[in-house]
Amino acid sequence: MTTALIFAGGTGRRMNSRSKPKQFLEMHGKAIIIYTLEYFEYHEEIDNIVIVCIKDWIEELEALLKRFGISKVRKVIPGGETGHDSIHQGLAAMKEFCREDDIVLIHDGVRPFITEELITQNINAVKEFGNAITSEAARESVVRSVDGKSICDVPPRGEMYIAKAPQSFRYGRIQQLYEKARRDGIKSIDSSHLCSLYGEPMHLIPSTKNNMKITEPADFYIYRALYEATENQQIFGL
């Protein structure tokens, strides 16, 4: 069995949206999170969806799920104080129906340029390698700074990638890592960071183009432009 764990617990402070969290911002009458969810809803290998949502917006989300026919959602639970906490809570909520060798794809609700092919690649990689970290090759040089003032290292650009999503695992293993982190008092940036902290081997899956996370106002407008360009290609054959 394969479950998509969708993280939609962010309040969107960097988006400067006063009326709605970023995942509920609309484009052409549809919330961003629905665009994301539809890819998992329509994928034949996804059996369940679990969503971690801002508590005060769960009722709104449930109305959207009904309106747009998203039927695979098994649970909607409130998020935690951080992204790490929210993913941990989402994994804990899956205990009642997930077995250790089941597959879980962890994905951002505000990363709507997921594709059917990328979901399939993640599932196949977990079956073969035990996990899959969707990553994009760095397009510019990456520098490392400890204090934010001086550069202490410039790694070779050809070896640098940006961790994206989905980040996919056998359920039992990733749930164990988050439980261990809870006991150790560790908070990670994302699941790949957590795996790195504990020395867990990871398998890289090349990301599709434009697999962006909508975080700031400019991201929303870039997403809208890319979406409309894609739609025009389908309609006009451009």
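- Salt-bridge formation is detected for the pair Lys30/Glu38: a Lys NZ or Arg NE/NH1/NH2 atom is positioned less than 4.0 Å from an Asp or Glu carboxylate oxygen.
- With hydrogens and angles disregarded, no donor-acceptor distance shorter than 3.5 Å links the side chain of Ser196 to the backbone of Ser192.
- Aromatic ring centroids of Tyr39 and His107 lie 6.0 Å or more apart.
- Taking CD of Glu96 as the start and NZ of Lys75 as the end, the distance is 3.5 Å to the nearest 0.5 Å.
- Sparse packing is recorded around CD of Glu59, with 12 or fewer heavy atoms of other residues, nucleotides or ligands lying under 6.0 Å away.
- In this structure, Asp108 does not pair ionically with Lys164, as no charged nitrogen and carboxylate oxygen lie closer than 4.0 Å.
- The distance from the OG1 atom of Thr2 to the CG atom of Asp102 is 7.0 Å, given to the nearest 0.5 Å.
- Distance alone, capped at 3.5 Å, places no donor-acceptor pair between the Asn211 side chain and the Arg111 backbone.
- Between His84 and Tyr178, the angle of the ring planes lies from 30° to 60°, which puts this pair in the tilted group.
- Here the side chain of Thr134 pairs no donor or acceptor atom with the backbone of Ser207 at under 3.5 angstrom.
- The same ILVMFWY cluster, assembled from side-chain heavy atoms under 4.5 Å apart, contains both Leu5 and Leu177.
- Remark: side-chain polar atoms of Glu41 are paired, donor with acceptor, to backbone N or O of Lys72 under 3.5 angstrom.
- For the atom pair Thr3 OG1 and Asn48 CG, the distance stands at 4.0 Å (nearest 0.5 Å).
- Distance alone, capped at 3.5 Å, places no donor-acceptor pair between the Asn124 side chain and the Gln121 backbone.
- Residues Met160 and Leu204 are members of separate hydrophobic clusters, defined by side-chain heavy-atom contacts under 4.5 angstrom among Ile, Leu, Val, Met, Phe, Trp and Tyr.
- Between the side chains of Asp190 and Gln167, at least one donor-acceptor pair of N or O atoms lies under 3.5 Å.
- The one candidate from Lys127, Met1, Glu45 that meets the side-chain contact (heavy atoms from CB on, under 4.5 Å) condition with Ile103 is Lys127.
- More than 12 heavy atoms of other residues, nucleotides or ligands shown are found within 6.0 angstrom of CZ on Phe97.
- The main-chain N or O of Asp85 is found under 3.5 Å from a side-chain atom of Thr82 such that the two form a donor-acceptor pair.
- Side-chain N or O atoms of Ser145 include one that pairs as donor or acceptor with a backbone N or O of Ser150 at under 3.5 Å.
- Taken from CG in Leu64 to CD1 in Ile33, the straight-line distance is 8.5 Å, to the nearest 0.5 Å.
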